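Let me begin by presenting the structure, written as structure tokens, before commenting on it.
What you see is a predicted model; the values in this text were computed from it and never measured. Each chain gets a letter, A, B and so on, in the order the sequences are listed, and its residues count up from 1.
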2 protein chains.
Amino acid sequence: MGSTQQDDRPSATERRRGELLEAADRVVLRDGPEASMNAIAAEAGITKPILYRHFGDKSGLYRALAVRHTDALLDSLRAALDAPADRRTRLERTLETYLAAIESRPQVYRFLMHPAESGPAADSGFDIGRHTAPLLRRLGEELAEVISERLDPGTDDVAQARVWGHGIVGMMHAAGDWWLRERPCARAELVRQLADLLWGRLATSPNRPQGPGF
Amino acid sequence: MGSTQQDDRPSATERRRGELLEAADRVVLRDGPEASMNAIAAEAGITKPILYRHFGDKSGLYRALAVRHTDALLDSLRAALDAPADRRTRLERTLETYLAAIESRPQVYRFLMHPAESGPAADSGFDIGRHTAPLLRRLGEELAEVISERLDPGTDDVAQARVWGHGIVGMMHAAGDWWLRERPCARAELVRQLADLLWGRLATSPNRPQGPGF
DNA sequence: ACTGCGTGTTACCGAAAGTAACAAGGTGGG
DNA sequence: CCCACCTTGTTACTTTCGGTAACACGCAGT
């Protein structure tokens, strides 16, 4: 507090921190989320304690790393989500953007979804989902915002927007995860089928003629 | 091989294994997924090497544990999914069942979703999602089966059923995870809103009158 | 020149996964 | 009767990794 410097340009420390993050990024993308702090330090050309001075602990480093990628992905998704197009087109573009992202850089995707912060925290309280990637939560909230901005609030509760936001994001995530592993179809096909699902096709599809009914 | 015994009743070894699993279950539900093998062994009244003889390694133990709970949950979900009722009712009952399960035993839920198997495997290949809980995959396949059983296959590709299965499961999971953490509404409310979403309400809801349009 | 501060080091601690190597108890075959 | 054999159990060890203490260099500003 009280620094006369406006610090618009990064201080030396901040630049160093950025360099360390880039080194960490290289290692994590090469070795996966279980990369050791020693390996990261070695890649950066230094030793462990410096990492700890900058990031506190491993979770801190990983959080900083995740924020970077998450911000980048969120930016491109926001663009697709806010584009001036009709609802269905925007949905398809957003799905497309997400799937293209996870397809082109699966290691990043894997890291973001599985931070694997297995700290010896010995937390006695069961805070569910402390390990789940914050990316999905942020995305869900973001989408909820867009939904409640665009949809008539009289349509239903405002809470509906948040449920839908998280629900849709979860659908996208799970389908994307499965698709990335099994590659059962082209990306465009997946996009269309998910959009169809959200467009109410589940409700209107006919039953099998001779099936178990309903 | 070649045992004349039909081994319908559990052998002594299998019974022991079951006891160990129950002890592990107690510890994991008390301490979370980061419970140490020592702690589990202590709870079972024995020492580590025995656990390793029975389960190979920590992942093995956790897998065995997860299979138990997953099977139990899948059984109750199958019941709701296959019940003789109309499509919407079945959907709502299934959502209800799932949410009730994760609500009543959040520790089990947390364990199943975050196995945290951080083995020193040093796998050079990036098999995405090796860490994700198999529960969701199994559930997705299960639902896909039900969908393709019941829906007219002429409606669209058979592949559609799998996309929808995984997508719907992901929606349920993400919404449930968020709901469990924030508790923004009653369970029945959440069920209704998710069902509405899948019933095409996203497509038919009107825009805000003065909003950004579309 | 002295005082800080940020950067860097080596050397260590503690916890946890995983692994010998060895001991004890029961069981069937000679 | 006794010996091999299998299962259960132990103690004691290695390795790896997250995290920390203590110390050393370089470079501002006063």
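For CZ of B:R68, the number of neighbouring non-hydrogen atoms (other residues, nucleotides, ligands) closer than 6.0 Å is greater than 12.
Summary of the strand contacts: B:P49 and A:I46 both lie near DNA chain C, and taking for each the nucleotide with the nearest heavy atom, the more 5' one is attributed to A:I46. When each of B:T47 and A:G56 is assigned the nucleotide of DNA chain D bearing its nearest heavy atom, the one mapping closer to the 5' terminus is B:T47.
With hydrogens and angles ignored, a donor-acceptor pair closer than 3.5 Å exists between the side chain of A:K48 and the base of D:dG19.
Aromatic ring orientation, A:H173 versus A:Y109: tilted (interplanar angle from 30° to 60°).
Atoms NZ (B:K58) and P (C:dT19) sit 14 Å apart, rounded to a whole Å. Atom pair A:L51:CG and C:dT9:P shows a separation of 10 Å (rounding to whole Å applied). In this structure, A:R15 places its CZ atom 15 Å from P of C:dG6, rounding to the nearest Å. Here D:dT7 presents its P atom at 15 Å from CZ of B:R17, a figure rounded to the nearest Å. Regarding A:N38, its CG atom lies at a distance of 14 Å from the P atom of C:dA11, rounded to whole Å. Rounded to whole angstrom, the span from the CZ atom of B:R53 across to the P atom of C:dA23 amounts to 15 Å. When rounded to the nearest whole Å, the span between CG of B:D57 and P of C:dG18 equals 5 Å. B:I40 has its CD1 atom 12 Å from the C1' atom of C:dA17, to the nearest Å.
Counting only heavy atoms from C-beta outward, the side chains of B:M37 and B:V27 never approach each other to under 4.5 Å.
Among the protein residues, B:I50 comes within range of the nucleic acid bases, having at least one heavy atom under 4.0 Å from a base atom. Contacts of A:S36 with the nucleic acid, taken as non-hydrogen atoms under 4.0 Å apart, involve only primed sugar atoms and P, OP1 or OP2.
Phosphate proximity of D:dG9 to B:R16: present, with a side-chain N or O under 4.0 Å from OP1 or OP2. Note on B:T13: every side-chain N or O is 4.0 Å or more away from OP1 and OP2 of D:dC6.
Ionic pairing of A:E92 and A:R192 is not present here: no N-O contact between side-chain nitrogen and carboxylate oxygen is shorter than 4.0 angstrom.
Cation-pi geometry between B:R181 and B:W178 is not met at under 6.0 angstrom from the ring centre and within 45 degrees of the axis.
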